[in-house]
Protein chains: 2
Amino acid sequence: MATGRSHRPATRGRGIPEATVARLPLYLRALTALSERSVPTVSSEELAAAAGVNSAKLRKDFSYLGSYGTRGVGYDVEYLVYQISRELGLTQDWPVVIVGIGNLGAALANYGGFASRGFRVAALLDADAGLAGRLVAGLPVRHIDELESIVADNQVSIGVIATPAGAAQEVTDRLVAAGVTSILNFAPTVLSVPDGVDVRKVDLSIELQILAFHEQRKAGEDDRQEPDGDVPAVMPA
Amino acid sequence: MATGRSHRPATRGRGIPEATVARLPLYLRALTALSERSVPTVSSEELAAAAGVNSAKLRKDFSYLGSYGTRGVGYDVEYLVYQISRELGLTQDWPVVIVGIGNLGAALANYGGFASRGFRVAALLDADAGLAGRLVAGLPVRHIDELESIVADNQVSIGVIATPAGAAQEVTDRLVAAGVTSILNFAPTVLSVPDGVDVRKVDLSIELQILAFHEQRKAGEDDRQEPDGDVPAVMPA
DNA sequence: ATGTCTTTGTGAACGCGTGCACAAAGATGG
DNA sequence: CCATCTTTGTGCACGCGTTCACAAAGACAT
């Protein structure tokens with residue numbers, strides 16, 4: 001991965017394993033649903049089922065946060081919601097810029113899950129001057145040249161890239177230079193960033209190809225007629 | 001994860017480790033770019049750099065596919081493209097239905113990476129009858145009630161869910177009942193599916209929260225003034 | 001107060017994934 | 001034909017993540 005990592009050995013001090021961090025949002029979502037239904041407590045078994053994970057894993061995950069459960073009873077829903085939110089940093093406000101307001105960028109801007117939990121869209125940016133001023137999700141699209149000032153003025157530390165692949169690296173460089181230290185990349189490219197900058201990527205094409213692999217494997221099991229081992233038309237020199 | 005897995009121990013027979021499968025599309029993309037520049041061969045070091053991975057890892061990954069390299073020279077680009085494509089099942093055609101043609105669904109329909117590699121959008125479906133007939137990415141939106149017949153007629157095995165969270169499980173059930181065995185889920189919900197059905201999820205909100213966690217960690221290192229250990233307002237019973 | 005029953009928290013074992021480091025393989029030049 | 005040099009393929013060790021299984025903790029009833 002092109003993640004500019006300086007990730008320490010995952011667990012240092014009260015550091016939380018990366019795999020656990022990735023599941024916390026899942027638990028949080030399930031807990032929020034319970035909270036809205038005014039459910040006071042929940043057992044690891046129930047919550048694990050709601051989040052789609054193993055209950056032992058869930059208990060171990062929570063044990064990294066501290067001993068927040070009550071034996072014989074379960075976990076206090078409201079208390080856990082707070083603790084996980086705090087651990088994830090969702091008790092503070094994270095201004096975000098979205099770069100590239102095409103179909104995808106507009107979809108992201110309209111995505112409700114954004115504002116719901118600590119994330120605030122500070123600005124929508126696009127290289128197309130014709131788009132400037134157009135309202136998307138209630139926000140005006142602004143020209144990419146305003147990137148540096150917007151990032152500085154709003155203390156933006158998270159950038160979302162929804163540009164074509166060709167523009168992604170340049171946008172990344174500008175974001176990083178302006179002070180952004182976390183990037184969520186939707187463009188199908190490997191981004192290179194300096195140490196200390198985190199990159200996560202979301203890649204539709206890769207996901208589909210992984211599904212196709214398994215799909216093919218399933219098909220190959222049923223009707224055992226895979227043209228296996230055949231020498232292809234193209235041969236190495 | 002709610003993946004209806006029956007995944008064997010990752011490596012059985014000439015089975016390829018899951019982690020390797022997830023990287024193959026990355027290699028394929030880098031190789032395709034090289035192929036378009038008519039580069040005949042590439043070393044593991046160069047290709048690894050282009051894909052953003054460690055070269056030893058790349059070589060080990062390729063070793064699961066077979067011995068396709070030439071020592072002292074590297075890998076034949078065209079040959080590797082073919083082998084990886086075949087392994088991923090991209091040499092055949094995968095019809096896909098996209099359910100939920102809102103902002104996101106439209107973005108997915110317009111995504112070029114779809115058609116480029118073996119994936120063909122068989123139909124766009126939406127529950128809103130008002131959308132029916134509207135052209136998106138050159139395809140007419142069709143009503144969700146046509147789901148079953150479309151899946152059957154086109155032998156669709158892959159479904160993409162871009163609906164609101166509330167509709168995702170019902171759509172999933174219908175897709176699975178109609179014969180779909182792989183699902184790519186963009187809705188922020190845990191899907192439950194029977195064994196034998198693969199689910200992969202793409203969740204913007206989760207990715208952002210993971211970034212926020214690391215961002216907070218970075219900030220907490222610089223200025224050591226985290227309100228750590230403070231007893232929150234909400235307490236357990 | 002005591003016993004029973006539920007559920008957490010975690011020690012321990014295991015398996016997968018990663019990266020080092022090197023031997024084997026083959027190309028290339030003399 | 002031999003020596004040298006490059007690059008692959010992989011044995012090995014290590015660490016993270018997962019899961020099992022159980023002891024400890026506490027609720028609850030009697």
Side-chain angles (χ1 to χ4, degrees), chain A residues 1-3 5 7-24 26-27 31 39-77 79-80 83 210 236-237, chain B residues 1-3 5 7-24 26-27 31 39-77 79-80 83 210 236-237:
Chain A
M1 219 178 306
T3 303
R5 77 186 42 188
H7 283 308
R8 65 231 45 187
T11 309
R12 206 247 327 242
R14 57 192 280 273
I16 299 173
E18 192 58 34
T20 296
V21 171
R23 278 188 295 269
L24 289 182
L26 228 52
Y27 302 144
L31 285 165
V39 177
T41 62
V42 65
S43 71
S44 63
E45 202 71 49
E46 292 165 327
L47 186 55
V53 304
N54 179 302
S55 72
K57 196 189 300 191
L58 178 142
R59 286 198 299 276
K60 181 147 289 193
D61 284 341
F62 285 175
S63 78
Y64 292 117
L65 308 183
S67 281
Y68 293 153
T70 306
R71 294 169 193 235
V73 176
Y75 299 91
D76 183 278
V77 171
Y79 187 65
L80 251 193
Q83 288 299 341
I210 294 172
Chain B
M1 219 177 309
T3 304
R5 77 185 40 190
H7 283 307
R8 65 236 42 196
T11 308
R12 206 263 302 261
R14 56 192 280 275
I16 299 174
E18 194 56 34
T20 296
V21 171
R23 281 188 294 269
L24 289 181
L26 228 53
Y27 302 146
L31 284 164
V39 176
T41 62
V42 66
S43 71
S44 63
E45 202 70 49
E46 292 165 327
L47 185 54
V53 303
N54 178 303
S55 72
K57 196 188 300 190
L58 179 142
R59 287 198 299 276
K60 183 150 290 192
D61 283 342
F62 285 176
S63 78
Y64 292 117
L65 308 183
S67 279
Y68 294 154
T70 306
R71 294 171 192 233
V73 176
Y75 298 91
D76 183 279
V77 171
Y79 186 65
L80 251 192
Q83 289 297 341
I210 295 173

Original post:
Rounded to whole angstrom units, what separation is found between the OH atom of A:Tyr27 and the C1' atom of C:dT8?
Top reply: 15 Å
Subject >> Atom pair distance, as rounded to whole Å: CD in B:Glu18 and C1' in C:dG17 >> reply: 12 Å
Original post:
Quick one: does B:Thr70's side chain get under 4.5 Å of B:Asp76's, heavy atoms only?
Top reply: no
Subject >> Separation of atom CG in A:Asp61 from atom P in D:dT18, rounded to whole Å >> reply: 7 Å
**OP:** Please report, rounded to the nearest Å, how far the P atom of C:dG17 is from the CZ atom of B:Arg59.
**Re:** 19 Å
**OP:** Whole angstrom is fine here: how far is it from CG in B:Leu58 over to P in C:dC20?
**Re:** 14 Å
**OP:** Check the distance between C:dT10's P and A:Leu65's CG and give it to me in whole angstrom.
**Re:** 12 Å
Original post:
Can you tell if the side chain of B:Ile210 reaches within under 4.5 Å of the side chain of A:Glu18, non-hydrogen atoms only?
Top reply: yes
Subject >> Contact nearer the 5' end of DNA chain C, comparing A:Ser63 with A:Gly72 >> reply: A:Gly72
Subject >> Distance in Å, A:Thr20 OG1 paired with A:Leu65 CG, rounded so as to fall on 0.5 Å steps >> reply: 8.0 Å
**OP:** Starting at atom NZ of B:Lys57, determine the distance to atom P of D:dC14, rounded to an integer number of angstrom.
**Re:** 19 Å
Original post:
Rounded to the nearest 0.5 Å, how far does CG of A:Leu24 lie from CG of A:Asp61?
Top reply: 6.5 Å
Original post:
Which nucleotide in the set C:dT8, C:dG17, C:dG19 lies at the smallest distance from any side-chain heavy atom of A:Ser43?
Top reply: C:dT8
Original post:
Closer than 4.0 Å, any side-chain N/O of A:Ser44 to the OP1 or OP2 of C:dT8?
Top reply: yes
Original post:
Taking the side chain of B:Asn54 as its heavy atoms from C-beta onward, which of C:dC20, D:dT8, C:dT18 lies nearest to it?
Top reply: C:dC20
Subject >> Sugar-phosphate only, base, or nothing, as touched by B:Phe62 at under 4.0 Å among non-hydrogen atoms >> reply: nothing
**OP:** Using heavy atoms to find the nearest nucleotide of DNA chain C for A:Lys60 and A:Val73 separately, return the residue whose nucleotide is more 5′.
**Re:** A:Val73
Subject >> Which residue lies more 5' along DNA chain D, comparing A:Arg71 with B:Ser67 via nearest heavy atoms >> reply: B:Ser67
**OP:** Using the ring-ring contact (aromatic ring centres under 6.0 Å, His included) rule, pick out the option among B:Tyr68, B:Tyr27, B:Phe62 that qualifies with B:Tyr75.
**Re:** B:Phe62
Original post:
Which whole-number value in Å describes the distance from B:Tyr75 OH to D:dT7 P?
Top reply: 12 Å
